[in-house]
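Just so you know, residue 1 is the first one in the sequence shown, and it goes up from there.
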Amino acid sequence: QVQLVESGGGLVQAGGSLRLSCAASGRTFSTYAMGWFRQAPGKERHLVASISSTGIGAYYTDSVKGRFTISRDNAKNTVYLQMSDLKPEDTAVYYCAASNTWPTGTRANYNYWGQGTQVTVSS
């Protein structure tokens, strides 16, 4: 069982950077693959990036590749999303989620979800 809490969202100008954090409860965090999703108003929730339980495998959707970096610190039970060169189309609520499988790219594969944090990018 994992409980997740996101933080680090906010307002940033286009071209700027933000780092999102997701803190997890429990002692089993290191056994889960982790993903970051985002959802804009009226849109579907989509996977942005994911990382394996050990941190050696990672996935990025094409629109953020080269700009976003996912990482994790299992000793701190935390996963991060470093976002650079932000664009207005990155504006969304960002969610972290935990999965028992790897690799995975669909919402159905994620067992636990955080409450989300708002990221707004102004032009």
I need the [X] [atom1] to [Y] [atom2] distance, nearest 0.5 Å.
X: Leu86; Y: Ser122; atom1: CG; atom2: OG; answer: 10.0 Å
X: Tyr59; Y: Ser52; atom1: OH; atom2: OG; answer: 15.0 Å
X: Ser17; Y: Phe68; atom1: OG; atom2: CZ; answer: 9.5 Å
X: Gln82; Y: Ile70; atom1: CD; atom2: CD1; answer: 12.0 Å
X: Leu81; Y: Ser50; atom1: CG; atom2: OG; answer: 11.0 Å

Closest non-hydrogen atom pair, [X] against [Y]:
X: Leu4; Y: Met34; result: CD2-CE, 3.9 Å
X: Thr69; Y: Tyr60; result: CA-OH, 3.4 Å
X: Gln118; Y: Val93; result: OE1-CG2, 3.3 Å
X: Leu20; Y: Met83; result: CG-CE, 3.7 Å
X: Ser71; Y: Val79; result: O-CG2, 3.1 Å

_Side-chain heavy-atom pair Ser53, Ser30 within 4.5 angstrom cut-off_ =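 No, their side chains stay 4.5 Å or more apart.
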
_Applying disulfide bond (SG atoms under 2.5 Å apart) as the test, list every pair that has at least one member in residues 81-123; sequence neighbours left out._
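Only Cys22-Cys96 qualify under disulfide bond (SG atoms under 2.5 Å apart).
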
*Enclosure of Gln13 CD (heavy-atom neighbours >12, cutoff 6.0 Å)*: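 No, the 6.0 Å shell around CD holds no more than 12 heavy atoms from other groups.
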
*Is the count of non-hydrogen atoms from other residues, nucleotides or ligands lying under 6.0 Å from Gln3 atom CD greater than 12?*
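No - once you tally the heavy atoms of other residues, nucleotides and ligands closer than 6.0 Å, there are 12 at most.
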
*Using the rule that two of Ile, Leu, Val, Met, Phe, Trp, Tyr join whenever any of their side-chain heavy atoms come within less than 4.5 Å, decide whether Val2 and Trp102 are in one cluster.*
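Different hydrophobic clusters.
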
*Decide whether Val119 and Val64 are clustered together by the hydrophobic rule: side chain heavy atoms of Ile, Leu, Val, Met, Phe, Trp, Tyr closer than 4.5 Å, transitively.*
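In one cluster: yes.
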
Between [X] (side chain) and [Y] (backbone), is there a donor-acceptor pair under 3.5 Å?
X: Arg67; Y: Asp85; answer: yes
X: Tyr95; Y: Glu6; answer: no
X: Asn100; Y: Asn111; answer: no

*asked:* So, applying side-chain hydrogen bond (donor to acceptor under 3.5 Å, both in side chains) with Arg38, which one of Thr61, Thr91, Asp90 is it?
replied: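 The passing option is Asp90.
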
*ring-ring contact (aromatic ring centres under 6.0 Å, His included) partners of residues 12-53, not counting sequence neighbours, each pair once*: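 Sorted pair list: Tyr32-Tyr112, Phe37-Tyr110, Phe37-Trp113.
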
